[in-house]
**Student:** 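This is the structure I want to talk about, given as structure tokens.
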Amino acid sequence: MGEKLNEHAREANINWEQFSDDDITLTFGMGLHPYSTTFSTTPEGEENNKAVKDYFTDLTGIEVEYEIVSEDKFWSETESALSSENNPYDGIMNGLWPSGGYHYGDNGTAWVRDLIPYINDASLTDKKWLRMGDYRRQTIEFMSYPNADGTVELTALPNGIEFYGGTAIHKPTFDTLGLSEPTNFAELESAAKTIAESSDVDRQGIVSRTSSATLSAANWGTMFKTYGGEWIDRENRTATLNEEKGVKSLERFGNMLNKYGPTDPGSYDWYKNNNAYSNGDVGIMYSTPQTSGIVDTEVMQETKWLPPLEGPDGQDPVADTWVWATGITATSDNPEAAWLYLQWANSRMANLLLSTRQWEDDGPRAGYARFDYIKDQIEQGNAPPVPGEGYIEAFNQGMDAVPGGKPDKPQEYPPVPVDTPQNMNIMRRAAGAMSSVVSGQQTAQAALDDAASTIDDEGFLSEESIPQRYVADDRFLDRDYGQQYGTNGN
């Protein structure tokens, strides 16, 4: 597979060997995730025992090392490294939720580099080969942030795009119990209740990510927004997640997972959530289809993915989202070399690798940043199929339900405050509240009251913490998108 990446790379009109005499070793800080393990893996049948990323060295003469940290520690350790005077990383695995904080860095001094100059440097980038036009405009907008002088910076190059709050149903379980596919949250809870209480199947009703880790708030985030909840009041700079609509969403989510989920429901992270469904412990997984690569292949053949559900009064779905990406640190001594690696590891062929299983006993996948390209390759028979019935439809409808990043609707903010440097601090408190309700420790009102008070008391919403430029409605409407991001002609 590594040689396929290099064959694809050689189609680009750039000199991949331009730094081959400079004795460069790049170090990337990576979370434990399929994006990291895929490139660190030696494919089945490889006689030379080379990991996929080592083929980049064959192409360029540049060595690449990964330091992989478990998901529960990755974000805090990355922030510590980026803020340090001795940051060891040339690049980092970035994500949508913390990227605003990485851009703001130390009081406006960014921890990561703007990628636009590298995209527009013809000695480093062949735009027709890079194909930035494969990405949803919304995705690139979300990963971009404003400077004090009005310019905009792109903080990372995407490799995976997800929507949260999709529903995986185990078809044999639904058939055995005569259940209809849920279309709204009330029907979802009713189906979970029926499964959990039935003696005809040996499963609990439903599982989701419900631990107190920040990203575990993501699936509930879709329910929260579909109910009409708002995390913060941007004008008055106060937390509002404890208002009625938000509370009602958490009452339903918490009750459903507490009563009809597995034992110790407040402990379920990404892996435990997926494994519960893959192992046959539950009949429903309320999660993101893009992480379903971790689910057992045979189980996926028995699964159907549903798009985001309607709200309690027929409200249109409002979906939460995430972007996995890679950025270059401000402290790297070799940013141009790091950019070559970013291009190679996030190219069309690399994203195909990241999105589909490629060899015998290949690991789980989580890519799909270049979704239409991947879908076309699958339809042409150039890759294994995507996981699960209904996946493509659920993905497209889910991403269409994500607010924000749309030039024709500038009043729409992102589903969580990812446009601010304080998103992780805000959503960390939200996740803690959610987990405490799911585990039965607090009521939804009390938990969200506590979270709102902490957000306000800690000053996360002050203008010092969030300069006004980060919350301006029109911050992306005054420049040529194609020129900035190299999508012209793609």
**Student:** Is it the case that the ring center of Trp16 lies less than 6.0 angstrom away from the ring center of Trp129?
**Tutor:**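 Trp129 vs Trp16: aromatic centres under 6.0 Å.
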**Student:** Assess whether atom CG of Asp202 is packed by more than 12 heavy atoms of other residues, nucleotides or ligands within 6.0 Å.
**Tutor:** no
**Student:** Report yes if some heavy atom in the side chain of Pro289 is under 4.5 Å from a heavy atom in the side chain of Tyr391; otherwise report no.
**Tutor:**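 In short, these two side chains touch, coming nearer than 4.5 Å.
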**Student:** Might you point out which heavy atoms bring Ala401 and Pro317 nearest each other, and give the distance in Å?
**Tutor:** CB-O, 3.6 Å
**Student:** Go through the steps for Phe28 and Tyr341 under the test ring pair (Phe, Tyr, Trp, His ring centres under 6.0 Å), then give the verdict.
**Tutor:** CA-CA 10 Å; Phe28 283 80; Tyr341 183 72; 5.1 Å; yes
**Student:** Checking Asp126 now: which residues fulfil side-chain hydrogen bond (donor to acceptor under 3.5 Å, both in side chains) with it, not counting sequence neighbours?
**Tutor:** none
**Student:** Considering only heavy atoms from C-beta outward, does the side chain of Phe163 approach that of Gln397 to under 4.5 Å?
**Tutor:**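 Result no, sub-4.5 Å side-chain heavy-atom pair not found.
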**Student:** Only counting residues at least two apart or in another chain, list the ones meeting ring pair (Phe, Tyr, Trp, His ring centres under 6.0 Å) with Tyr286.
**Tutor:**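 For Tyr286 there are no ring pair (Phe, Tyr, Trp, His ring centres under 6.0 Å) partners, ignoring immediate neighbours.
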**Student:** If I compare all heavy atoms of Arg113 with all of Ser332, which pair ends up nearest, and what's the gap?
**Tutor:**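 Shortest heavy-atom contact: NH2-O, 2.9 Å.
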**Student:** Going by an N to O cut-off under 4.0 Å, is there a salt bridge joining Lys171 and Glu389?
**Tutor:**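 Yes.
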**Student:** Drop me the distance from Leu306's CG to Glu393's CD, to the nearest 0.5 angstrom.
**Tutor:** 11.0 Å
**Student:** Could you check whether Lys128 pairs with Glu11 (Lys NZ or Arg NE/NH1/NH2 to Asp/Glu carboxylate O, under 4.0 Å)?
**Tutor:** no
**Student:** Please name all residues satisfying side-chain hydrogen bond (donor to acceptor under 3.5 Å, both in side chains) with Lys4, sequence neighbours left out, ordered by chain then number.
**Tutor:** none
